[in-house]
Amino acid sequence: GDRRGFVHRVVRGIGTLVTFLAVILGTLALVIAIASHLSPAGEYTVFGHPVMSVLSGSMSPSIKTGDLVFDSPLSHSQAQHLGVGQIISFHSGGRVFTHRIHAVEGVGGAVAYQTKGDRNNAPDQALVLPSQIVGLYHSKVPFGGYILAALHKPVALVLLLASPLLWLLSGWLYAHIQRFVNPNPFG
């Protein structure tokens, strides 16, 4: 009796915790999905931080293909005072790259950065100007780029928006199935 009541309360508490975490994760996924649909392709911002999916292994093993990179935004002034070894994300040739600063150079009285992927044999051809910099590397979420790519698909957005309705509908269906499986002999 008493032990069974305790176990029942613990199981119910765990169920409540799991439901709470699912709602938090679902809400976060919905916010990210909507934000990614409203952003230009490949340029997402989450809570003020530029976010990029890593598409190549040029920064392995530090940053791997499929990782989600969070950068700290930089002012134009901050972008002019970076040093060797720092990792930046920058625009080049219509794409965004995340590479390490290999050298700092002066070009016509202005600063420019020579970058290099950790796994690449040679530095990148073009120098990076402060105006091309998206942000300074802050952190990563392993495999998060794959999740962001999935959330960016229209079907994921529709399912996330429909999930609260589906959750309510599942409760209604469960109650009706229970009545069918266990009919009340006294009703």
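Just so we're clear, the structure is a prediction, and the values are computed from it rather than from any experiment.
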Checking the side chain of [X] only, and the main-chain atoms of [Y] only, is there a donor and an acceptor separated by less than 3.5 Å?
| X | Y | result |
| --- | --- | --- |
| R100 | G85 | yes |
| E105 | A112 | no |
| K140 | K64 | no |
| Y113 | A79 | yes |

Value rounded to 0.5 Å, distance of [atom1] in [X] from [atom2] in [Y]:
| X | Y | atom1 | atom2 | answer |
| --- | --- | --- | --- | --- |
| Q80 | L129 | CD | CG | 10.0 Å |
| D2 | F6 | CG | CZ | 9.5 Å |
| I63 | T98 | CD1 | OG1 | 6.0 Å |
| F143 | L68 | CZ | CG | 12.5 Å |
| H138 | F70 | NE2 | CZ | 9.5 Å |

Transitively linked via ILVMFWY side-chain contacts under 4.5 Å: [X] with [Y]?
| X | Y | result |
| --- | --- | --- |
| V84 | I88 | yes |
| I101 | V128 | yes |
| I133 | Y137 | no |

(message) For K116, is there an ion pair with D124 - N to carboxylate O distance below 4.0 angstrom?
(response)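 Between K116 and D124 there is no salt bridge, as every charged N stays at least 4.0 Å from the carboxylate O atoms.
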(request) Quick one: sort the H99 and F97 rings into parallel, tilted or perpendicular, breaks at 30° and 60°. (result)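 Rings of H99 and F97: tilted, 30 to 60°.
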Are any non-hydrogen side-chain atoms of [X] and [Y] less than 4.5 angstrom apart?
| X | Y | value |
| --- | --- | --- |
| S89 | P50 | no |
| V134 | M52 | yes |
| V104 | V111 | yes |
| L136 | I87 | no |
| T65 | L55 | no |
| P130 | H76 | yes |
| V107 | L127 | yes |

(message) Test side chain to side chain contact (heavy atoms under 4.5 Å, CB included) on T115 and H102; report intermediate values, then the result.
(response) CA-CA 5 Å; T115 56; H102 184 68; 5.8 Å; no
(request) Compare every heavy atom of S60 with every heavy atom of D118, then report the nearest pair and how far apart it is. (result)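 Result for this residue pair: CB-O, 4.0 Å.
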(request) For the residue pair N120 and S58, confirm or rule out a side-chain donor-acceptor distance under 3.5 Å. (result) no
(request) Step through the shown structure and confirm whether more than 12 heavy atoms of other residues, nucleotides or ligands are within 6.0 Å of CD on Q125. (result)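 No - once you tally the heavy atoms of other residues, nucleotides and ligands closer than 6.0 Å, there are 12 at most.
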